[in-house]
Amino acid sequence: MSNYSIKNLEEYFQLYRKSVREPENFWEEIAEEHFFWRKRWTNVMQWDFSKPEVKWFEGAKLNITENCLDRHLPARGDKTAIIFEPNDPGEEAQHISYNELHARVCQFANVLKSQGVSKGDRVCIYLPMIPELAIAVLACARIGAIHSVVFAGFSSQALAARINDCDCKLVITADGSFRGAKTLNLKEIVDQGLESCKGVKTVLVVKRTGGEIRMKDGRDQWIEPLLDKASEDCKAEIMDAEDPLFILYTSGSTGKPKGMVHSSAGYMVFTAYTFKNIFRYRENDIYWCTADIGWITGHSYIVYGPLANGATTVIFEGVPTYPDYGRFWEVVAKHKVNQFYTAPTAIRALAKESLDFVDKYDLSSIKVLGTVGEPINEEAWHWYNNNIGKNNSPIVDTWWQTETGGIMISPIPYVTPTIPTYATLPYIGIQPALMDEKGKEIKGNQVEGRLCIKFPWPAMARTIWGDHQRYYDTYFSAFKNMYFTGDGAMRNAVGYYRITGRVDDVIIVSGHNLGTAPIEDAINEHQSVSESAIVGYPHDIKGNALYGFVILKHGGERRDRENLKKEINEQISEHIGPIAKLDKIQFVPGLPKTRSGKIMRRILRKIAAKDTSNLGDISTLLNPEVVEAIIKDAQ
Ligand code: WT7
């Protein structure tokens, strides 16, 4: 157990240096001592960022579910693996032991097999935050099927695009979902989506809400009776280290979502090792991450990372504001949560409300607080620290991405001194670099640049499903031999990193990564719209909100503006989901463009932020009169 849990700063620096100087030895020791392998690797790593090609633990054979389940059974069979906290606080929480989870995953896996799913097949999972979501994920991994979880807040069209992109033949969904006071009919969304997915032959339906739904003959089946008949034993499919484990879609700067492909061995090793240290997980701790399993945070730090460590992980079905603003803290007190991991946007929303919602509850179980998804502002950091951590639980501000698979830059609690708004130091094995616009690395401290990673790490995505060229273009073409994150960052005097935000066309709204292009595509499909541009502007709770500048077609101008705005937002909801709706829409006569026809978003961002006293360099601006008109009419 030598190097696995990091005890002090000196040890962190020691391990960090080793991970840079002898990465192969370093990772080999971690992999060897803490995981169960069916066959050992022949080669720890191999990489070439110019292709890019990255392989970890090549030649090894394993199944991640044997690491997350089977190997814990002798010592932790009766230990709780999952605590399920339902949306309605009146409904009883469920405690699922490792023994039970193992049995249920095997049954689920056997059902998938009986439906013709085998190794390498893609399975789409579109479920609310109920235990079956984690079970379905693990069941796919058990038989070597590649899961593609789609967040159950995405629209039918977004779901269909994701199903078709990776040719899923089977979809797992539920009749409906409970979200706060709302009940959503998930099955209806799936039915609509599947009208354009000819490849889907089977839909398995979990019963959750008991709502009225339509079952299509020959395609749809309730899963419960199938599970009841299935055996509780299912031999794990033995996978190669580099076999894909899952696909998870993230938005990009063109309309089509990118299916990030993560592989088995490296992902397992890295998520488990980061989980252990960044949350300082100790046996019998109760760990709760409030993210949805539909995002990478849930994959890595609700399911795989915690279970690989034999941890107890909470799955929460509800929302932070239901039945009132105290729900998070009620759940922390109820289950005596030791590690609590959430998004800055949730903290900001709750910080607005009365402290009575916090003070009613005993939060003394908390040892570590975490944040993820976007930069945390200083005010929110202090509120979290003072009122939730009572000034004695370190906050880990964890920076990472869907593409990185696991946490890349973060304090290690009780080890790294924290500073509000700083993600602090790279995790062991991570080699960040700041680059200038000319492609040169900026060395030294107190500098700012584009954040790149110059050496591979085990959990990095290996490709974009079906489009390796796009993987190269998006991440490896901007800076030679570097992975480009799309973020800007600064490094302070002691070498701490502070993430300043996206430097590309991705906007983080309430912690959700939204590409401007897909939203613009959705708007432009409206019959009255000829062109549009979306930018983000600062928002108290969401971090960023969306401002749309829309040019109407001839004729469109005669229509009622308020109705048009509603229709545009409905259109976005249908194409992407309600999370991408615009906060402000301004109809404009034109968009600021360069002589080469590129939209000057920089100017639009200033207008949206009401900061137009100095527009910066406008020498390439083709149409200053349009800018004047937009400013005059801005909201
Ligand atoms: C983008 C990735 C990885 C989990 C959730 C988001 C932003 C993430 C932080 C942080 C500042 C952050 C970055 C990044 N981001 N964590 N601690 N501080 N910014 O995953 O949807 O792939 O988004 O989220 O801009 O590139 P994602």
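One is the number of the first residue; the rest follow in order along the sequence. Counting starts at 1 for both ligands and their atoms, in listed order.
- Here E374 has backbone heavy atoms under 4.0 Å from ligand 1, and that is the only part of it that gets that close.
- Less than 4.0 angstrom separates some heavy atom of I508 from each of these atoms of ligand 1: 1 (C), 7 (C), 24 (O), 25 (O).
- By the 4.0 Å N-to-carboxylate-O rule, E374 lies close enough to R348 to be salt-bridged with it.
- The closest donor-acceptor contact from the side chain of D436 to the backbone of K440 lies under 3.5 Å.
- Considering backbone and side-chain N/O atoms, T485 never comes within less than 3.5 Å of an N/O atom of ligand 1.
- Using a 4.0 Å cutoff on heavy atoms, A423 does not count as a contact of ligand 1.
- The ligand atoms of ligand 1 that sit less than 4.0 angstrom from a heavy atom of D397 are 10 (C), 17 (N), 18 (N).
- Scanning for ring-ring contact (aromatic ring centres under 6.0 Å, His included) contacts around W383 gives an empty result, with sequence neighbours left out.
- Checking only distances, T371 never comes within under 3.5 Å of ligand 1, N or O to N or O.
- Under 4.0 Å from ligand 1, not a single heavy atom of H512 appears.
- Both the backbone and the side chain of T402 come within 4.0 Å of ligand 1, judged by heavy-atom distances.
- Between T297 and ligand 1, no N or O atom pair is found at a separation short of 3.5 Å.
- Taking the six-membered ring for Trp and the full ring otherwise, W400 and Y301 have centroids separated by under 6.0 Å.
- Under the rule for a ring-ring contact (aromatic ring centres under 6.0 Å, His included), the partners of F455 that lie at least two apart in sequence or sit in another chain are W47.
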